[in-house]
Amino acid sequence: MSFLDIRYYKHLTSTIDRNLDFSAFMDFEHHYQTSVNKEQYSIEKAYFSYQESRTEDTIDPKLQSIIDMESKLLGVLVNMERTGIYVDAEKLRSIGEDITQESKHKELEIYDLVGERFNINSAKQVQNILFEKLKIPVSKKIKTGYSVDNEALSLIGQKYEIANIILQYRTLEKLRSTYIDGLLKVINPETKRIHTTYNQLGTSTGRLSSEAPNLQNIPSGSGYSAQIKSCFCPQSSEFSFLVADYSQIELRILASLSGDKALTEAFLRWEDIHTRTAHFLFWEHTVITSELRRIAKSVNFWVIYGITGFGLSKVINSSPAEATQYIDAFYAMYPWVRAYYQSVLDGAQKNGYVETFYGRRRYIPGVRDSNKMIRAWAEREAINMPIQGTEADVIKFAMMELADFFKKDSYKSRMLLQVHDELVFEIHTSEKEIMETKIRSIMEGIFPGNIKLLVDIHTGANWSEAKG
DNA sequence: ACAATGGTCC
DNA sequence: ACTCGGACCATTGTA
């Protein structure tokens with residue numbers, strides 16, 4: 001277990017138990033950061049330092065179970081990293097050429113409209129062109145001047161076509177720079193595959209992060225995004241892709257943790273939860289249009305984040321007052337959720353931390369701060385962490401069980417990626433049936449809450465085809 | 001090198 | 001009044 005290096009210790013201090021003296025560890029970390037060979041740090045060293053610096057004598061058994069899980073998970077992650085994922089470089093390059101061509105075209109179109117050449121990639125220069133030269137009214141301000149981000153340009157685009165073309169140009173450039181050039185650069189020449197690195201220490205909720213490259217933010221839309229995603233595929237024809245994702249896992253966990261009757265019943269009756277919320281929010285409408293459902297979906301989504309009416313209003317394009325009404329209506333519909341949130345905040349006040357279903361902790365000192373803004377921020381963090389963190393715990397436990405299963409009978413199929421609520425597999429043709437059955441049963445069976453977790457499974461010849 | 005801005009994902 | 005749940009990365013521009 002030589003991979004259980006210093007990352008593990010850092011994880012303990014940062015996401016599991018922040019109540020530690022960090023100084024004993026600084027030397028260790030310095031060596032880690034300057035070291036070429038990460039493997040030289042053993043679990044024994046890390047664990048020793050951890051014990052040395054603990055301020056309590058005993059460790060909460062629930063916390064210990066998380067520590068044990070993380071220890072074992074590291075080996076699973078290392079296997080996934082080493083396995084990597086194949087990318088059709090030729091296809092990716094060819095898509096890149098299409099994008100470049102279209103991008104060049106947009107570029108010229110912009111110069112033509114403006115009557116001047118400038119660097120469209122520079123926010124500053126775009127500001128100058130739009131607001132100084134073309135005298136377009138400002139829609140949104142930022143620290144250093146006038147914003148030209150997506151939100152601002154979309155507004156401007158209602159009247160000035162130039163903003164829409166800049167948006168289109170940006171989208172193309174984003175795809176080209178980050179996902180074409182960026183990915184081509186990190187294909188391993190020996191394996192022809194991309195090997196990401198999972199960071200177990202990167203988040204404060206217990207989620208994994210993925211870096212060098214980040215394979216957790218590959219675009220998922222249609223058009224070029226789908227084309228890029230389709231470049232992720234099996235290396236040989238004996239394999240296909242399988243994507244298994246938890247369906248509405250946050251809301252299901254919220255239902256279990258809060259025990260809310262209405263939310264629980266809705267799930268037990270297999271109702272469409274977004275439509276149900278929409279019916280309640282827009283009770284005066286007899287027909288729920290897709291637009292109304294979209295708003296209700298945003299409300300459901302952002303209530304989990306502990307967001308304010310102001311924030312929600314930006315997402316659903318309404319006034320803050322209207323958005324606040326929606327949030328209040330949500331709480332009226334699911335009163336136990338509000339009570340549950342209150343109990344989470346009370347716990348944060350009392351203990352200084354909040355915890356997941358499995359006992360993973362996040363220390364939140366801000367809930368005791370005298371500054372109202374800081375406190376409000378801390379409260380949103382506190383409300384979100386048990387849900388997002390439990391989700392992270394659930395999929396991590398599932399991954400470990402899946403890894404055991406794959407290993408036990410020496411299957412040829414492999415687990416390749418984790419994207420927070422989704423796992424990507426490379427499935428050998430001969431193992432298709434058993435894999436579908438087992439992956440579903442392991443993932444759905446891991447969480448013992450009142451509400452059963454649901455897993456959607458899609459298969460296909462590549463990542464794009466296999467997505468939901 | 002580093003901050004600011006912007007954009008992609010769950 | 002309000003820039004807000006959790007991440008990583010590219011580009012520009014300044015130090």
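Hydrogens, waters and symmetry mates play no part in the numbers below; they use all other heavy atoms, side chains included. Lettering of chains follows the sequences in order, A, B, ..., and the numbering in each one begins at 1.
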(message) With a 4.0 Å cutoff (strictly under), does any side-chain N or O of A:N214 reach OP1 or OP2 of B:dT8?
(response) no
(request) Provide the distance between the two P atoms, one in C:dC4 and one in B:dG6, to the nearest whole Å. (result) 14 Å
(message) Of the options C:dC8, C:dG5, B:dT8, whose atoms approach the side-chain atoms of A:P219 most closely?
(response) B:dT8
(message) Pairing donors with acceptors under 3.5 angstrom, does anything connect the side chains of A:E161 and A:N164?
(response) yes
(message) The side chain of A:K143 is closest to which nucleotide in this list: B:dT8, B:dA4, C:dG6?
(response) B:dA4
(message) At less than 4.0 Å, is any side-chain N or O atom of A:R362 found next to OP1 or OP2 of C:dG6? Yes or no.
(response) yes
(request) Would you please classify the geometry between the A:Y146 ring and the A:F131 ring as parallel, tilted or perpendicular, with 30° and 60° separating the classes? (result) perpendicular
(message) Side chain of A:R207, heavy atoms from C-beta onward: which of C:dC8, B:dC10, B:dG6 has the nearest atom to it?
(response) B:dC10
(request) Taking only the side-chain heavy atoms of A:S204 (C-beta and beyond), determine which of C:dA7, B:dC10, B:dG7 contains the nearest atom. (result) C:dA7
(message) Below the 4.0 Å mark, does C:dT14 have OP1 or OP2 next to a side-chain nitrogen or oxygen of A:K124?
(response) yes
(message) Strictly below 4.0 Å: does A:S220 bring a side-chain N or O up to OP1 or OP2 of B:dC9?
(response) yes
(message) Side chain of A:Q125, heavy atoms from C-beta onward: which of C:dG6, C:dG13, C:dT3 has the nearest atom to it?
(response) C:dG13
(message) At 4.0 Å (heavy atoms only), tell me whether A:S147 reaches a base, stays on the sugar-phosphate, or touches nothing.
(response) sugar-phosphate
(message) Taking only side-chain N and O atoms of A:W377, does any of them lie within less than 4.0 angstrom of OP1 or OP2 on C:dG5?
(response) yes
(message) Of the options B:dG6, C:dT12, C:dC2, whose atoms approach the side-chain atoms of A:V148 most closely?
(response) B:dG6
(message) It should be established whether A:T178 places a side-chain nitrogen or oxygen under 4.0 Å from OP1 or OP2 of nucleotide B:dT8.
(response) no
(request) Would you please confirm or rule out a distance under 4.0 Å between OP1 or OP2 of B:dG7 and any side-chain N or O of A:R170? (result) yes
(message) OP1 or OP2 of C:dA7 versus the side-chain N and O atoms of A:Q388: is any pair under 4.0 Å?
(response) no
(message) Does A:I218 reach a base, just sugar-phosphate, or nothing at all? Heavy atoms under 4.0 Å.
(response) sugar-phosphate
(message) Counting distance alone, no hydrogens or angles: does the base of B:dT8 have a donor or acceptor under 3.5 Å from a partner atom on the side chain of A:N217?
(response) yes
(request) Name the nucleic acid region contacted by A:N150, choosing base, sugar-phosphate or nothing; use a 4.0 angstrom heavy-atom cut-off, strictly under. (result) sugar-phosphate
(request) Determine: side-chain N/O of A:S122 to OP1/OP2 of C:dT11, distance under 4.0 Å, yes or no. (result) no
(request) Could you measure between the two C1' atoms, the one in B:dT5 and the one in C:dT3, and give it in whole Å? (result) 14 Å
(request) Verify the distance criterion only: is there a donor paired with an acceptor across the side chains of A:S154 and A:N150 at less than 3.5 Å? (result) yes
(request) Could you check whether A:G306 gets within reach of a base, just the sugar-phosphate, or nothing at all, counting any heavy atom under 4.0 Å? (result) nothing
(request) Would you check if there is a donor-acceptor pair between the side chains of A:Q216 and A:Q418 at a distance under 3.5 Å? (result) yes
(request) Assign A:I142 to base, sugar-phosphate, or nothing according to its heavy-atom contacts below 4.0 angstrom with the strands shown. (result) sugar-phosphate
(request) Would you indicate what A:A376 reaches in the nucleic acid, counting non-hydrogen atoms under 4.0 angstrom: base, sugar-phosphate, or nothing? (result) nothing
(request) Give a yes-or-no answer on whether the side chains of A:E81 and A:T197 include a donor-acceptor pair shorter than 3.5 Å. (result) no
(request) Taking only the side-chain nitrogens and oxygens of A:S210, find out if one of them lies under 4.0 Å from OP1 or OP2 of C:dC8. (result) no
(request) Check the surroundings of atom CD in A:E116: do more than 12 heavy atoms from other residues, nucleotides or ligands lie under 6.0 Å from it? (result) yes
